[in-house]
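Single-structure report; data block below.
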Amino acid sequence: MRDDVRALTMAAALTATGVFHLVRPQTYDWMIPPELGPARPWVLGSGVVELGTAALLAVPATRRAGGWAAVALLVGVLPAHAQTVRATRHRPGKLAVALARIPFQVPMVAAALRVARPSGIR
């Protein structure tokens, strides 16, 4: 996949999830580890970060920065993935879904790295 298509695809996905975080934050509240304090600021903040990252990815002049922002964002949501595993550990079907989501972070981080470090720049 060409770097610009990859970046625009990521921008579209992050725009959708960012909007959803802001419009329906209650959907995500339970995913925030209680050790981090109140969930709502984390959920709303992540929505804003997703939209900001999407904007960086969408503009060619800021695309590399957007790739690095996407890497940080995708790594930063790992505690939420761990919390979903913890919260669903006694519900086998939901636990399977929670566990299945985690490996998908690897190709997404790899794609973000490809945007951050385009093929001509290493």
Side-chain angles (χ1 to χ4, degrees):
M1 180 182 293
R2 290 188 40 203
D3 290 337
D4 56 340
V5 173
R6 182 177 288 112
L8 293 175
T9 301
M10 291 175 67
L14 288 171
T15 297
T17 58
V19 168
F20 200 64
H21 273 80
L22 297 175
V23 173
R24 302 275 309 184
Q26 64 275 17
T27 303
Y28 298 96
D29 286 342
W30 71 277
M31 296 178 187
I32 303 301
E35 296 82 4
L36 294 178
R40 191 57 55 92
W42 289 101
V43 172
L44 296 175
S46 67
V48 170
V49 170
E50 287 168 332
L51 292 173
T53 300
L56 290 170
L57 288 165
V59 178
T62 59
R63 193 157 286 156
R64 288 188 67 206
W68 288 114
V71 168
L73 175 65
L74 292 165
V75 170
V77 300
L78 286 175
H81 288 301
Q83 173 61 21
T84 62
V85 170
R86 183 167 59 171
T88 60
R89 69 185 176 274
H90 299 299
R91 295 158 57 194
K94 291 186 184 266
L95 176 60
V97 172
L99 288 169
R101 289 177 55 192
I102 295 171
F104 286 106
Q105 292 298 107
V106 173
M108 291 192 302
V109 169
L113 282 169
R114 282 188 206 98
V115 173
R117 300 182 306 186
S119 54
I121 303 171
R122 295 286 175 212

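Model, not experiment: these values are computed from the prediction.
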Worksheet entry | Residue pair T88, V97: steps toward the side-chain contact (heavy atoms from CB on, under 4.5 Å) verdict | CA-CA 9 Å; T88 60; V97 172; over 6 Å; no
In terms of hydrophobic clustering (I, L, V, M, F, W, Y; side-chain heavy atoms under 4.5 Å; direct or indirect links), are [X] and [Y] co-clustered?
| X | Y | value |
| --- | --- | --- |
| V106 | L99 | no |
| L73 | V48 | no |
| M108 | V71 | yes |
| L44 | V23 | yes |
| L51 | M10 | no |

Practice prompt. For Q26, enumerate each residue passing the side-chain hydrogen bond (donor to acceptor under 3.5 Å, both in side chains) test, keeping only those at least two apart in sequence or located in another chain.
Written response: none
To check you understand the geometry: which heavy-atom pair defines the closest contact between [X] and [Y], and what is its length?
| X | Y | value |
| --- | --- | --- |
| A70 | T53 | N-CG2, 3.6 Å |
| G66 | L56 | CA-CB, 3.5 Å |
| V115 | G67 | CG1-CA, 4.0 Å |
| S46 | H21 | OG-CD2, 3.2 Å |
| R63 | A58 | NH2-O, 3.0 Å |
| R64 | P118 | NE-CD, 3.6 Å |

Discussion item. Is the shortest side-chain heavy-atom distance between V77 and Q105 below 4.5 Å?
Written reply: yes
Worksheet item: Are L8 and L57 side-chain neighbours, meaning at least one heavy-atom pair lies under 4.5 Å?
Response: no
Item to complete: List in chain and number order the residues that pass side-chain contact (heavy atoms from CB on, under 4.5 Å) with F20, two or more places apart in sequence or in another chain; answer none if no residue qualifies.
Response: R24, T27, Y28
Could you measure the distance from the [atom1] atom of [X] to the [atom2] atom of [Y]? Nearest 0.5 Å is fine.
| X | Y | atom1 | atom2 | result |
| --- | --- | --- | --- | --- |
| K94 | T84 | NZ | OG1 | 11.0 Å |
| L74 | L14 | CG | CG | 7.0 Å |
| R2 | T9 | CZ | OG1 | 11.5 Å |

Worksheet item: Under the 3.5 angstrom rule, does the side chain of R89 hit a backbone N or O of R86 as a donor-acceptor pair?
Response: yes
Worksheet item: Counting distance only, does the side-chain N/O of W42 pair as donor-acceptor with the main-chain N or O of I32 below 3.5 Å?
Response: no
